[in-house]
Structures are given as C-alpha cells and as structure tokens.
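Heads up, the thing below is written out as structure tokens.
Keep in mind it's a predicted model, so treat the numbers as computed, not measured.
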Amino acid sequence: MNMKKWALTTIAASALVVSLAACSTGSKKEEATGDKKQVLKVLESAELPTMDISQATDVVSFSAISQVMEGLYEFADDSTSAPAIAKEVVAPTNDGKKYTIELRDDAKWSNGDPVTANDFVYSWKRTVDPKTGSEYAYLFDGFENYKAISKGEKPAADLGVKAVDEHTLEINLEYPIPYLSSLLAKPTFYPLNEKFVEEKGKDYGTNSDNMIYNGPFTLADWDGTSITWNYLKNDKYRAADKVKLDEVNVQVSKEIGTNVNLFKAGETDIAPIKGEYVDQEKENPELVTRIYPSTSYLQYNTENKVFANKNARNAITKLINSDQIAKNILKDGSMAIEAFVPKGIANQETGKDFAEEAGVLMKTDIEGGKKLWEDAKKELGVDSASITLLTSDTDSAKKLSEYVQGLLTENLSGLKVTISSVPFKNRLDQMSKGDFDVVLAGWAATYADPYDFLQLFRTGGEQNYGKFSNEEFDKLLTESATTYATENEKRWNTLLDAQKVLMDNSPVTPLYQASEAFLVNDRVEGLVYRAIGAPYYKNVSVK
C-alpha cells in the first residue's frame, strides 16, 4: 500500500491546513480498460440548499459554489488571499478606503460571455438590495452607502462599487476594512451574469438547469432537492488546461457508519467521519483531520418566554463541560472551547491568538447552574417549563442533542426538553425564520477576524436568529468597526471587551471547537483542506 504524504501548515496562530499528496497506480478498472478519465467520488454530509450566491449561508452551498464559480480572489493553501480573476491582490489607497482592481481579460462564462467588472457590480448590488433578502448582505457593511441601502434610505445602485471600464473595478469604503481581501475571496463576492440571472428570475440557482458558471466545473443532475449531483469540467474556464478532473460525483450520506463502509468498499474517494469512527481509524494513514476556527453552540431564541430570561440562559451555559463533549461525546479531534470566538484567529500585527488573550470565559459549575435556574423560575413565575431543541438529522447532531437533553433534564428541575431532528436545509430555514426555542448550530470563520464571529449577535443583524439585543455590545462592535478601524490595538481590545459582554449575557452557549475528519483514498492528489473555505477540486487529480 502506498503511503500518503501529508503536511501541516499553521496559519492564524493555531488554525491548521492539511495538504495531501499521494502516489498510486490507479484503479483496477483503469488498468484493465486503459480509461484515463479523471473521476473523483465524494460524500457530502447534507443536501445542497441553494446555488444562489446571494442566498447561500451554509457550508454545503459554499462548497458547491466554490467548485463552479470564481471571484476576484481565492484562498491560497495557507488561507491568505491570492488573485483569481483579479490580476493581483491590491493594496488600498485614499487612507484605506479605495481599491482599484484590474481584471484578467480571459475569464469567461460557460455560455462564452466574458466576465467583466459589471458582473461584480451587478452581483454585489443585487446582494445588498433589501428586496433580495440576503442574510450575508451585512458583509458589505463599510462599503459606501451600504447602511443607508440596508435601511431603505438609498437604492442599491448607490453602493460604493463601479465599473471604471470592462476590466477595472473600483471599490469605495466609508471606513477601512482590514480584512477586505479575505472577504473578496468568499463566494458572496463572486460575480453574476446579469442577463442570465434576470432571465431566470426567482428560479436562478434553484437547480442545475437554471445556472451559469465561470469556474472550473459546471453543476449537473441537481434538481434542487436531490441527494446526488455532479461537477463536470468546464471547457470555457480560463485555466481549463490546468484542471485534471473530468468529473466529480457527489452523494449525500448522513450515516457515518455508511460512509466508512462506502469508503472501504471503494465506492467513494472522500468520506467525512465523526465520533468513535475517528478514534477507530486513528492509525489509518488515509485519515485526515482538519482543525479550523469554528464554534458549535446552542443558540437561544430570546423572544421565547424562557430564554428571554438571562438567568435561564446562563444556567445552561454553566452546566456545559466542553472538554467532556470533545473527548467523551465526539471523540473526533474536536477541542474544548472557553469562549465564543475559537482558537485560530490571530492579530494581524502582533500574531497573538484572540482566544488565548480572551482567557477562560466559561467554566463548568453544576451547582451554580442549578441555582441560576431556580432564580430564573422565580423571575418567570413558573415551576416548570418545556422547550424544544432543534437540530439537524446527522449522527453527530443527534448524539450531541441527546447529551444536552439528558444534562438539562437531570440538573434543571421542572425542565422538559424535546428534540426536533430535521434535515439540514429545514434546520437552516427554521433558524432563519426564528422558528425555534433553542437550536444546535455552528459557525466557521468566513474571514480571519474575531469580528466575523461576534457580529452574529448585533441588534438587527441578518443572522442574529435569536433576536439578542444589548446596547453595550452593539456600541463596542460599532467602535471596533469604525472609530478604531485603523487603530489595531484599540480595535482588538474593544472586540475582547465585546466578547466579555456577550458571554455574560449568554445568547449562545459555546459547546466545542469543531474539527473535521475525512478518509481520503491514497489515489487522491493535490487535495488541500485549508483553515478557511472549502477545498478546490480544480487542484485535485486521481491516479
């Protein structure tokens, strides 16, 4: 058996990226038939909710979009930004408030149209338009006129971006955004072909027939609900000659035992695994673990009578033993967490890790949790309460939700906890509508800055699903983004203070810092799991 060579590279302090390479002689079928078609077989953990970049909010959608679309920048192997359609990663002018970006002239859409600066202008203005209802529109906060547009005071046409000419894009900000180059590598900032999208209207991005592409692959055989789909090599892609895979076959599988069996039977090349299966495979050279900046947590709906009470929320937080969850419940390489922002987010100037500077902001205290719960019941005027814990229907989510259910009912007198386990897409939909009491959720870094995590709880935020509101927290967040945007130390300390306020109020209870584990066939070459973003299959080949 040929041994896989793999390396670890540290970025942003402790975040890890795993680069894989392999040597193999290929499958028996290839040897027998001489067929050199490059096909990668991948298992995905959940259904694909959407392919509309203005509507996507989840890892499955972003992974799929990253295979078939391309933006100004992309993430390099160390998660820094690298040029894609842009000729180079540019530095700002005008005291950090203006970016002038030159585009390559060989980028094309799958219908043969050139990719132009106007495609970015159209895409971004569409996303920030309140009529679109994009949950990620807030990422444009800091762009000229975004605030007024989000409030309906100005039209989306006034967003601070314009096409100087066909291949020159200009961005104007109201204040500097230190992490803008990282944002521009995110699928939310990819371009859209205006004519095609307007033609399709509300059907755009709902299935593979209503899509157009500018990336290394096209999407096929996805009807909007199917549990299988394919990526096919896009001959119109600007660097098609460098893409080695002809096809990627994706199949949704939610049962980890099934994933392992499919992998060992040779039915898939990449299989996500969790829990005891990771422990069982720890000596397997085909096991790859990715540790990245992410937090799994319970989020409370503060409009629910029980969770409008601060003591009720804090009671649950005190019961949680993050180390026990990571080591005894999950057993998959996940780590204990001590606050909401995970390890792996480093200060760009000092290199210090935010989580390490924040210190321990949550400690297990069973008796303290029980006392707070009794205080909460008195304040609520009740002797008992019933809540529903919303989760996805994956193995790991079920296991963790059952642990939480048992922990709460055992220690919080009079509390009844019912679990509602639904498909991933349904869980996202219920969250976005605020249709939950408490939900088991997670957030992975979209850019390497603590603001990315903390902004989830600002008053009125698109992804503040629990409707948490705190004036002091909002003030600190605003100061970090505006007043201290160019003063690194003050900005950093303000974000540290904001997290303290967040943890004191417990609109969420952090559970653990997630890791991902995969079984990867030895025949796979060039696969890189970065700390931020999905792997790019355009760099992969199979032997």
| query | For residues S181 and Y447, is any side-chain donor paired with an opposing acceptor at under 3.5 Å? | reply | no

| Is any side-chain heavy atom of Y73 closer than 4.5 Å to a side-chain heavy atom of V90? | yes

| field | Interatomic spacing from OH in Y465 to CG in D435 - rounded to 0.5 Å | value | 13.5 Å

| request: Answer yes or no: does atom NZ of K500 have more than 12 heavy-atom neighbours from other residues, nucleotides or ligands under 6.0 Å? | output: no

| message | Can you give me the closest heavy-atom contact between L495 and L477, atom names plus distance? | response | CD2-CD2, 4.0 Å

| query | Between atom OH of Y179 and atom OG of S81, what is the distance when rounded to the nearest 0.5 Å? | reply | 13.5 Å

| Quick one: are V306 and V438 in side-chain contact, heavy atoms under 4.5 Å? | no

| Can Y146 and E174 be said to form a side-chain hydrogen bond (donor to acceptor under 3.5 Å, both in side chains), step by step? | CA-CA 9 Å; Y146 168 74; E174 292 183 348; over 6 Å; no

| said: I'd like to know whether CD of E487 has more than 12 heavy-atom contacts from other residues, nucleotides or ligands below 6.0 angstrom. | reply: yes

| In Å and rounded to the nearest 0.5 Å, what is the CD1 to OH distance from I345 to Y451? | 15.0 Å

| query | Side chains of E135 and S432: closer than 4.5 Å at any heavy-atom pair? | reply | yes

| query | From E462 CD over to L139 CG, what is the distance, rounded to the nearest 0.5 angstrom? | reply | 8.5 Å

| message | Between D77 and R530, does any side-chain N to carboxylate O distance fall below 4.0 Å? | response | no

| Note: R427-D393 ion pair, threshold 4.0 Å (strictly below) | no

| query | Between E70 and Y536, do the side chains contain an N or O donor and an N or O acceptor separated by less than 3.5 Å? | reply | no

| Under 3.5 Å, is there a donor-acceptor pair linking the side chains of N210 and N207? | yes

| remark: Smallest heavy-atom separation, D113 atom then N193 atom, equals OD2-ND2, 3.3 Å

| field | Exercise: do T168 and D165 side chains pair donor with acceptor under 3.5 Å | value | yes

| said: Just verifying a value: how many Å separate T50 OG1 and L428 CG, rounded to the nearest 0.5 Å? | reply: 11.0 Å

| task | Could you tell me how the ring of F518 sits relative to the ring of Y529: parallel (under 30°), tilted (30 to 60°) or perpendicular (over 60°)? | result | parallel

| query | How long is the gap from CG on L173 to CG on D141, to the nearest 0.5 Å? | reply | 10.5 Å

| message | Is it true that T317 and S506 share a donor-acceptor pair across their side chains at a distance under 3.5 Å? | response | yes

| query | In terms of side-chain heavy atoms, does W492 have a donor or acceptor partner in E357 at a distance below 3.5 Å? | reply | yes

| Is the side chain of K186 donor-acceptor paired with the backbone N or O of T446 at a distance under 3.5 Å, no angle test? | no

| message | For W124 and F143, take the angle between the two ring planes, folded into 0 to 90°, and tell me which bin it lands in: parallel under 30, tilted 30 to 60, perpendicular over 60. | response | perpendicular

| query | Between the side chains of D58 and S61, is a donor N or O closer than 3.5 angstrom to an acceptor N or O? | reply | yes

